[in-house]
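Presented below is the structure to which this report refers.
Every heavy atom of this structure was used, including side-chain atoms; hydrogens, water molecules and symmetry mates were not. Along the sequence shown, residues are numbered consecutively beginning with 1. Each ligand, and each atom within it, is numbered from 1 in the order the structure gives. Quick caveat, the model's predicted, so the values are computed rather than measured.
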Amino acid sequence: MSGHGPAMPMTSQKSGPLRGVAEVPGDKSISHRALILGALSVGETQITGLLEGQDVLDTARAMRAFGATVTQHGPGSWSVTGVGVGGFAEPDGVIDCGNSGTGVRLIMGAMATTDIAATFTGDASLNKRPMGRVTDTLALFGARAFGRRGGRLPLTLIGAAEPVPVEYRLPMPSAQVKSAVLLAGLNAPGQTVVIETEPTRDHTERMLRGFGAEVTVEDTNEGRVITLTGQPELRGQRVAVPRDPSSAAFPVCAALMVPGSEIFVPGVSQNPTRNGIFLTLQDMGADLVLENPREEGGEPVADLRLRASRLKGIEVPPARAASMIDEYPILAALAATADGVTVMRGVKELRVKESDRIDAMARGLEACGVRVEETEDSLSVHGMESVPGGATVQTYLDHRIAMSFLCLGLVSEAPITVDDATPIATSFPVFEALMRGLGAQITRDNR
Ligand code: S3P
C-alpha cells in the first residue's frame with residue numbers, strides 16, 4: 001500500500017522516439033464498481049480486465065470483509081460471489097482503503113443503508129481528504145458518521161437501520177458522491193434521486209442497469225436527473241473492463257512530446273464522460289486518430305493511433321473539466337512543451353484529489369524552470385521551446401503527479417526525478433515496464 005513503505009525515487013531523462021503498442025491496464029473506476037456491485041448481487045460476477053492496482057486490491061479486500069467471496073483466477077480475471085442488496089455483514093476489523101478516495105467513498109455508500117457499523121482508514125494522503133461531502137449526504141438516508149475534525153478519516157459509519165430514500169442535488173461535480181448516493185439508495189425503499197448540473201462519469205448508472213436495477217436518466221433544465229428504484233435484486237454479471245483512458249493519457253502525452261514517436265493504444269474507453277483529454281489534445285493540434293470505434297462491455301471503446309506533434313497552447317473549455325478531471329496533471333506537463341499558454345479554468349476539484357494537484361503541478365513545473373500562474377480554480381502553463389528540468393519534484397503520495405513529471409523528463413534538457421514513485425502502483429502498476437518497453441529512459445534511483 002502506498003504511503004506505508006519507504007519512498008522510491010525515480011528518474012526520467014531525454015529519450016529517443018517512443019514506438020510500439022501500449023496496452024494500458026483496466027479502468028480504475030469500472031474495476032472498483034465491478035467488485036462492489038458484484039458484492040451487492042446475488043450469484044457470481046465474472047470480471048475480466050480488472051485493474052490489479054493497489055486501490056482496486058484494497059476494494060477487493062474490503063468486499064471480503066463485508067462478506068463477499070472474491071477470488072482471483074488469473075491476470076485480470078476475478079469472480080465475486082455476492083451477498084445481495086442489504087446483505088453486507090459487519091466487518092471484524094478496520095477497512096483500510098489505502099490511497100483510494102473512490103474506494104472509501106463508494107464503499108461507505110454501499111454500506112450506509114445496512115444496519116451495521118464499519119471503521120474506515122487510509123494512507124496519509126487519503127486521511128487528509130474531505131469525507132464530509134459523502135458522510136453528510138449519507139446522513140440524509142439515516143446513516144451516522146463519527147470521524148476526525150472536518151469529517152476526515154479514520155471514521156466510523158453506522159448504517160441506517162430504517163433507511164429513507166433521498167433526493168439530492170450535487171453541490172460539486174463528483175462522481176464519487178453521486179455514486180455513494182446511488183449505492184446507498186439501493187437498500188432504501190422507494191426512489192432515490194440525484195441531480196447533477198455538470199455531468200460526471202456515469203459508470204455507476206450504466207453498471208447498475210446492467211446488474212438489473214431500474215435507473216432512469218433525464219436531461220432537464222435543472223440538470224441531469226438520475227432516478228433509482230430502491231431494493232432491486234441485483235444479479236451477478238460478466239463484466240469486461242475496458243482500458244483506462246486516464247492511464248492511456250500518460251503514454252499518449254509522452255509520445256506526443258517526444259519527437260519522432262509513434263504509438264498505438266488499443267481498446268481505450270471513449271465514454272463521453274471520460275474522453276475530454278483526447279478532444280483537448282486534438283484541439284491542441286495532436287496527430288491523434290481514433291480507430292475502430294466499437295462497444296465492449298456496455299462502454300464505447302476505440303483504438304488510438306498517434307504521432308509526436310508540435311502542439312499549441314489553448315484555453316481548455318471549462319465545461320469539459322469533469323470529463324478529464326484526472327488528466328489535468330499530465331496536460332499541465334504537456335502544456336509546458338506546447339507553443340504559447342495553456343489555460344485550465346474551472347478546476348477547483350483538483351485541490352482535493354490525492355494531493356492538491358494545482359499546487360503540486362505548479363510547484364513541480366516551477367522547479368523544472370516552467371512559468372505558471374494559478375488561482376483557486378485555475379492553472380495556466382507557459383509553454384517553452386525546451387524545458388530545463390534538472391529538478392527533484394515532490395509528488396505528495398499522488399500517482400498522477402509522479403507519472404506526469406516522469407513523462408516530462410523524457411523531453412527536458414536535464415533529467416527529472418520524482419521523490420517517490422511507489423504510489424504509481426495504485427492505478428498503473430505496469431507504468432515503468434510499459435514506458436520502458438516503448439523506449440522511455442526511466443530508472444530507479446538506488447540511494
Ligand atoms: C472517480 C471520480 C473522480 C475521479 C476519481 C475517480 C470515480 O473523483 O477524480 O479518480 O471513479 O468515481 P470525484 O468524484 O471526487 O470528482
Side-chain angles (χ1 to χ4, degrees), residues 2 25-37 50-51 53-56 58-59 97-110 122 125-126 128-137 151 168 170-184 194 196-208 224 226 239 241-242 244-250 269 271 273-277 299 318 320-331 346-358 360 377 397-401 403-404 423-424 426-428:
S2 72
D27 189 81
K28 182 151 70 78
S29 294
I30 295 176
S31 295
H32 282 294
R33 286 159 173 81
L35 292 170
I36 295 170
L37 289 178
L50 188 86
L51 167 66
Q54 191 58 48
D55 279 7
V56 175
D58 288 339
T59 289
C97 289
N99 193 248
S100 181
T102 307
V104 73
R105 292 184 176 127
L106 268 54
I107 296 168
M108 286 198 286
S125 155
L126 189 59
K128 277 191 211 133
R129 297 178 66 186
M131 293 298 142
R133 53 174 58 194
V134 171
T135 52
D136 292 352
T137 315
Y168 190 67
L170 285 177
M172 74 289 284
S174 170
Q176 293 176 0
V177 179
K178 170 176 69 175
S179 302
V181 175
L182 292 173
L183 293 172
V194 191
E196 54 180 5
T197 37
E198 286 176 58
T200 64
R201 66 192 67 196
D202 62 357
H203 309 300
T204 305
E205 299 90 300
R206 286 174 185 252
M207 292 176 76
L208 275 171
R224 187 164 280 187
I226 303 146
V239 181
V241 182
D244 197 325
S246 301
S247 295
F250 293 101
S269 169
N271 181 314
T273 62
R274 296 288 300 282
N275 68 350
I277 184 66
E299 290 273 325
R320 210 180 264 170
S323 70
M324 52 178 286
I325 194 67
D326 291 337
E327 287 65 76
Y328 282 97
I330 183 61
L331 179 65
V347 293
K348 192 168 73 195
E349 278 293 301
L350 293 179
R351 295 211 179 266
V352 290
K353 297 295 177 190
E354 285 82 331
S355 68
D356 175 341
R357 286 182 171 161
I358 294 182
D377 78 339
L397 291 180
D398 190 328
H399 53 134
R400 298 199 203 281
I401 302 298
M403 290 187 278
S404 298
I424 293 173
T426 61
S427 70
F428 199 161

Considering only heavy atoms from C-beta outward, does the side chain of R400 approach that of S246 to under 4.5 Å? yes
Sorted by chain and residue number, the residues having a heavy atom closer than 4.0 Å to an atom of ligand 1 are S29, R33, T102, P173, S174, A175, Q176, R201, I325, D326, K353
My understanding is that only residues two or more places apart in sequence, or in another chain, count here; which of them pass side chain to side chain donor-acceptor pair (under 3.5 Å) with E349? R133
Main chain of F428, side chain of S247: is a donor-acceptor contact present, judged purely on distance under 3.5 Å? no
Student check: side-chain heavy atoms of S100 and H32 closer than 4.5 Å: yes
Go through the structure and list residues passing side chain to side chain donor-acceptor pair (under 3.5 Å) with S31, not counting sequence neighbours. none
Side chain to side chain donor-acceptor pair (under 3.5 Å) filter on K178, not counting sequence neighbours, yields E196, T200, E205
